[in-house]
> 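Here's a structure for you.
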Amino acid sequence: MKRIRIAAALDASAPMDAVTVMGWARTRRDAKGFSFLEINDGSCLANIQAVVDEQAEGYADLKDIGVGAAVSVTGKLVASPGKGQKWELQAERVALVGGADQETYPLQKKRHSDEFLRGVAHLRPRTNKYGAMFRIRSELAFAIHNFFRGRGFYYVHSPILTGSDCEGAGEMFRVTSLSLDEAQGAKEELRAKDFFGKDAYLTVSGQLSAEMFACSLGNVYTFGPTFRAEHSDTSRHAAEFWMLEPEMAFADITDNMNLAEDLLKYLTEFAMTSCAADLDLFARFVDKELMGNLENILREPFVRLPYAEAVDILKKSGKKFEYPVDFGLDLQSEHERYITEEHFKKPVIVYDYPKGIKAFYMRLNDDNETVAAMDVLVPRIGEIVGGSQREERLDVLETRISELGLGKEEYWWYLDIRRFGSVPHAGFGLGFERLLMLMTGVTNIRDVIPFPRTYRHLEF
RNA sequence: UCCCCGGUAGCUCAACGGCAGAGCGGGUGGCUGUUAACCACUAGGUUGGCGGUUCGAAUCCGUCCCGGGGAGCCA
């Protein structure tokens, strides 16, 4: 089947003969003796308009070609006399490839609500909005690889199955090969019977793996699915999501902040230039302020704000917050939003958090009170990046582990990297879905994932 | 897990204690180089489930289910 993608056809510089387009009908407008058929094949947002007159082969099939039907049209690509499109396809032959019953096909020739489309997630990429979304998702994934490859980072495939329950980032999904019938008996017996002979989980983070490889290959990143069994039922959480986690050896928290800022600016610029047509849909129909917000990311350096100063700003704001503000307490959503949306009105990197509210592996600062952690806060999303310089001193790390009541044995390999050729290193995690929400103005994570998995929802 | 809002035709919604409606979509016919075309006709409902109050419930109450928003936790 020789065919031309619609994106290529609409981009033609001259008329063409014997062009075949295959795709799904978006709408059909009948006139006496001929019809306009709009076809989309997913290659771009735009449809191609085919003009089918009654002489064309297969004209009789046209009555069965409604919204959603798969069709093949062969003809001449000619300049369109009508308004709204440069090129159109003068059909010589039309064929119905796969019909769609108009009474039961769920998608109509009009706008649907996001809630409704979630119920037909298998069909929603056929809509303009979700087609655009998933093209942008694909493009930005490639942009991430481009960015890191261009800077000499290696892509590490961190494991998805893990035997350590100490990745330290929330509730984990347990993985077992035992059937429900076999899963009876004492814990030790079950472990012995199970596939790995020990407890197994789905990863919640690739960070620990990335640290190991940073301390070998230098600069690396992981980018893949991660899983959290939190009962978080919100528009910003999913049980399965993609996370990007770069890690750099011989790097400190400032290098880390620079990398995060460069990355966000690169991806923003990339989206605006390489996904312009698809992004425009979101700017027009989803978030009127989208382009302004994206330009705001590019325009100026991000604010770099020590946690202690953030607390001062919040205390002096005169704002009534639901949750208390004080040194040593974590910043709540409302606080982060105030700082980035109201006070600075641009991305803010908050760093040097009190050690009590951060993970054990973050590097203890000389003040003995704070750790070299950094969060990038952006308007509308809140925290998009969270990272730190890692504790590279064996004794300090061991003390932190025991302070927090964690078992040293579990971490033997993690500690080994501090035992043998330890170096300062730093990295961060970026939620890919939250990045997509930032880039498109979409406010629900379920609408930036092809088939979202959330608490109590495992459909498709 | 907690708080708030909602569930009525395929979709988006109206009716808010007294005969269940509109727009869009579907079907049929017409018309036009049309642009989410246009015009006419037409089909389509156990008002989320169960129970209660009432002469009478889509409407009030209870409960369960589902959807949305917010919070916590985080990415």
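Chain A is the first sequence line, chain B the second, and so forth, proteins listed ahead of strands; every chain is numbered from 1. The shown structure was predicted, so the numbers you read here are calculated from the model rather than taken from an experiment. These numbers come from the heavy atoms of this one structure, side chains and all, not from hydrogens, waters or symmetry mates.
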> Look at Asn128(A) and A36(B) and indicate whether a side-chain polar atom (N or O) is within less than 4.0 Å of OP1 or OP2.
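Checking Asn128(A) against A36(B): no side-chain N or O falls below 4.0 Å of OP1 or OP2.
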
> Hey, is Glu261(A) close enough to Lys265(A) for a salt bridge, meaning N to O under 4.0 Å?
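Salt bridge present between Glu261(A) and Lys265(A).
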
> Given atom CG of Leu329(A) and atom P of G72(B), what is their separation to the nearest angstrom?
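Interatomic distance, CG of Leu329(A) to P of G72(B): 13 Å.
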
> Runs of at least three consecutive Watson-Crick or G-U pairs, both distances under 3.5 Å, are what I'm after; which ones involve RNA chain B?
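Correct response: B:1-7 with B:65-71, B:10-13 with B:21-24, B:26-30 with B:38-42, B:48-52 with B:60-64.
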
> Please report the distance, rounded to the nearest Å, between OH in Tyr323(A) and P in G70(B).
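In whole Å, G70(B) P and Tyr323(A) OH are 14 Å from each other.
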
> Sequence neighbours excluded, which residues qualify as salt bridge (charged side-chain N to carboxylate O under 4.0 Å, His left out) partners of Glu38(A)?
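Only Arg29(A) meet the salt bridge (charged side-chain N to carboxylate O under 4.0 Å, His left out) criterion with Glu38(A).
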
> Work out how far the C1' atom of C50(B) is from that of C24(B), and round it to whole angstrom.
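To the nearest whole Å, 34 Å.
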
> When the P atoms of G26(B) and U12(B) are considered, how many whole Å apart are they?
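It works out to 16 Å between them.
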
> Measure the distance from CG on Leu430(A) to P on C74(B) and round it to the nearest whole Å.
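It is 17 Å, rounded to the nearest whole Å.
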
> Between Arg456(A) and Asp233(A), is the closest basic N to carboxylate O distance under 4.0 Å?
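Salt bridge absent between Asp233(A) and Arg456(A).
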
> Say whether Glu392(A) and His425(A), considering side chains only, have a donor N or O and an acceptor N or O under 3.5 Å apart.
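Absent: no donor and acceptor within the cut-off.
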
> Please list each protein N or O that sits under 3.5 Å from an N or O in nucleotides 44-49 of chain B, with the distance.
none

> Does a nitrogen or oxygen in the side chain of Gln332(A) sit under 4.0 Å from OP1 or OP2 of G72(B)?
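Looking at the OP1 and OP2 atoms of G72(B), one of them is under 4.0 Å from a side-chain N or O of Gln332(A).
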
> I'd like to know if the side chain of Arg126(A) pairs up with that of Asn40(A) as donor and acceptor (distance under 3.5 Å, no hydrogens or angles considered).
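No, no side-chain donor-acceptor pair sits under 3.5 Å.
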
> Tabulate atom names and distances for all N/O pairs under 3.5 angstrom spanning the protein and nucleotides 10-13 of chain B.
{"from": "G10(B)", "atom 1": "N2", "to": "Gln108(A)", "atom 2": "OE1", "distance (Å)": "2.9"}
{"from": "G10(B)", "atom 1": "N2", "to": "Gln108(A)", "atom 2": "NE2", "distance (Å)": "3.2"}
{"from": "G10(B)", "atom 1": "N3", "to": "Gln108(A)", "atom 2": "NE2", "distance (Å)": "3.0"}
{"from": "C11(B)", "atom 1": "O2", "to": "Lys110(A)", "atom 2": "NZ", "distance (Å)": "2.5"}
{"from": "U12(B)", "atom 1": "OP1", "to": "Ser113(A)", "atom 2": "OG", "distance (Å)": "2.7"}

> What distance, rounded to whole Å, do you find between the two C1' atoms, one in U59(B) and one in G21(B)?
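Their C1' atoms lie roughly 15 Å apart.
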
> Round to a whole Å and report the spacing from CG of Leu89(A) to P of U34(B).
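Interatomic distance, CG of Leu89(A) to P of U34(B): 19 Å.
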
> As a test of reading the structure: which of C73(B), U34(B), A71(B) is closest to the side chain of Glu230(A), going by heavy atoms?
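Ranking C73(B), U34(B), A71(B) by closest atom to the Glu230(A) side chain puts C73(B) first.
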
> For RNA chain B, what residues of residues 333-349 of chain A have any heavy atom nearer than 4.0 Å?
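Ser333(A), Arg337(A), in order of number.
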
> Can you name the atoms? Protein N/O to nucleotides 1-3 of chain B N/O, anything below 3.5 Å, with the distance.
{"from": "U1(B)", "atom 1": "OP1", "to": "Tyr455(A)", "atom 2": "OH", "distance (Å)": "3.2"}

> Grab the CZ-C1' distance between Phe34(A) and U32(B) for me, whole Å please.
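One finds 8 Å between C1' of U32(B) and CZ of Phe34(A), rounded.
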
> My understanding is that only residues two or more places apart in sequence, or in another chain, count here; which of them pass ring-ring contact (aromatic ring centres under 6.0 Å, His included) with Phe148(A)?
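So Phe148(A) forms a ring-ring contact (aromatic ring centres under 6.0 Å, His included) with Phe153(A), Tyr221(A).
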
> Are the side chains of Lys76(A) and Met16(A) in touch, meaning some heavy atoms are under 4.5 Å apart?
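No, too far: nothing below the 4.5 Å cut-off.
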
> Which residues satisfy the ring-ring contact (aromatic ring centres under 6.0 Å, His included) test with Tyr154(A), sequence neighbours excluded?
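ring-ring contact (aromatic ring centres under 6.0 Å, His included) list for Tyr154(A), sorted by chain: empty.
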
> Quote, to the nearest angstrom, the C1' distance that separates U53(B) from A20(B).
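Per the computed distance, 22 Å lies between those C1' atoms.
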
> State, without any angle test, whether Arg228(A) and Thr226(A) hold a side-chain donor-acceptor pair at a distance under 3.5 Å.
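No - no donor-acceptor pair under 3.5 Å links their side chains.
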
> Is it true that the side chains of Thr234(A) and His237(A) contain a donor and an acceptor less than 3.5 Å apart?
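Thr234(A) vs His237(A): donor-acceptor pair found between side chains.
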
> Quick check on RNA chain B: between Pro81(A) and Ser235(A), whose nearest nucleotide comes earlier from the 5' end?
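In this pair, the answer is Pro81(A).
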
> Do side-chain atoms of Ser80(A) reach the backbone of Gly82(A) as a donor and acceptor pair under 3.5 angstrom?
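Yes; at least one donor-acceptor contact below 3.5 Å.
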
> Taking C61(B) as the reference, what is the distance to G67(B) when you measure between their C1' atoms (whole Å, please)?
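Roughly 23 Å separates the two C1' atoms.
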
> Check each of Glu211(A), Gln389(A), Arg400(A), Gln207(A) against Tyr361(A) using the side-chain hydrogen bond (donor to acceptor under 3.5 Å, both in side chains) test, and report the only one that passes.
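Option passing the side-chain hydrogen bond (donor to acceptor under 3.5 Å, both in side chains) with Tyr361(A): Gln207(A).
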
> State which residue, out of Val348(A), Val376(A), Val378(A), fulfils the side chain to side chain contact (heavy atoms under 4.5 Å, CB included) condition with Phe302(A).
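It is Val376(A); the other options fail the test.
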
> Looking only at atom C1', what distance separates A57(B) and A43(B), rounded to whole Å?
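It works out to 28 Å between them.
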
> Between Val67(A) and Glu88(A), which is nearer to the 5' end of RNA chain B once each is assigned its nearest nucleotide?
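The residue closer to the strand's 5' end, by nearest nucleotide, is Val67(A).
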
> May I have the distance from Ile357(A) (atom CD1) to G72(B) (atom P), rounded to whole angstrom?
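To the nearest whole Å, that distance equals 14 Å.
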
> Restricting to nitrogen or oxygen on both sides, can you table the protein-nucleotides 37-40 of chain B pairs closer than 3.5 Å?
{"from": "A37(B)", "atom 1": "OP1", "to": "Lys109(A)", "atom 2": "NZ", "distance (Å)": "2.9"}
{"from": "A37(B)", "atom 1": "OP2", "to": "Thr27(A)", "atom 2": "OG1", "distance (Å)": "3.4"}
{"from": "A37(B)", "atom 1": "OP2", "to": "Arg29(A)", "atom 2": "NH1", "distance (Å)": "2.9"}

> Counting only heavy atoms from other residues, nucleotides and ligands, does the tally under 6.0 Å from NZ of Lys315(A) exceed 12?
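Yes, NZ of Lys315(A) has more than 12 neighbouring heavy atoms, counting only those of other groups under 6.0 Å.
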
> Tell me which one of Phe270(A), Tyr266(A), Tyr155(A) satisfies ring-ring contact (aromatic ring centres under 6.0 Å, His included) with His145(A).
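Output: one option passes, namely Tyr155(A).
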
> For Phe282(A), check ring-ring contact (aromatic ring centres under 6.0 Å, His included) against everything at least two apart and list the hits.
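Residues passing ring-ring contact (aromatic ring centres under 6.0 Å, His included) with Phe282(A): none at all.
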
> What I'd like to find out is whether the side chain of Ile4(A) reaches to under 4.5 Å of the side chain of Thr20(A), using heavy atoms alone.
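The answer is no, as the side chains (C-beta and beyond) never meet within the 4.5 Å cut-off.
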
> Lys129(A): which residues meet the salt bridge (charged side-chain N to carboxylate O under 4.0 Å, His left out) condition with it, sequence neighbours left out?
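Result, salt bridge (charged side-chain N to carboxylate O under 4.0 Å, His left out) vs Lys129(A): Asp114(A).
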
> Asp287(A): which residues meet the salt bridge (charged side-chain N to carboxylate O under 4.0 Å, His left out) condition with it, sequence neighbours left out?
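Testing Asp287(A) for salt bridge (charged side-chain N to carboxylate O under 4.0 Å, His left out), a comparison that skips the adjacent residues, returns Arg380(A).
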
> Ignoring backbone atoms, establish whether His237(A) has a side-chain N or O less than 4.0 Å from OP1 or OP2 of G72(B).
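Checking G72(B) against His237(A), no side-chain N or O comes under 4.0 Å of OP1 or OP2.
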
> So, are Arg236(A) and Glu433(A) salt-bridged, with charged N and O less than 4.0 Å apart?
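Result for this pair is no, no salt bridge flagged.
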
> Do any side-chain nitrogens or oxygens of Gln85(A) fall under 4.0 Å of OP1 or OP2 in U34(B)?
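So the side-chain polar atoms of Gln85(A) never come under 4.0 Å of the phosphate oxygens OP1 or OP2 of U34(B).
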
> Roughly how many Å apart are C65(B) and G27(B), using the P atom of each and rounding to a whole number?
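Here G27(B) and C65(B) have their P atoms 39 Å from each other.
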
> Write down the distance between CD (Glu433(A)) and C1' (C74(B)), rounded to a whole number of angstrom.
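From Glu433(A) CD to C74(B) C1': 13 Å.
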
> How long is the line joining CD1 of Ile381(A) and C1' of C74(B), in whole Å?
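Roughly 14 Å, once rounded to whole Å.
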
> Please measure how far the C1' atom in G30(B) lies from the corresponding atom in U46(B), and state the result in whole Å.
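38 Å, rounded to whole Å.
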
> Distance alone, cut at 3.5 Å: any donor-acceptor contact between the side chains of Tyr323(A) and Asp330(A)?
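Note: Tyr323(A) and Asp330(A) side chains miss the donor-acceptor criterion.
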
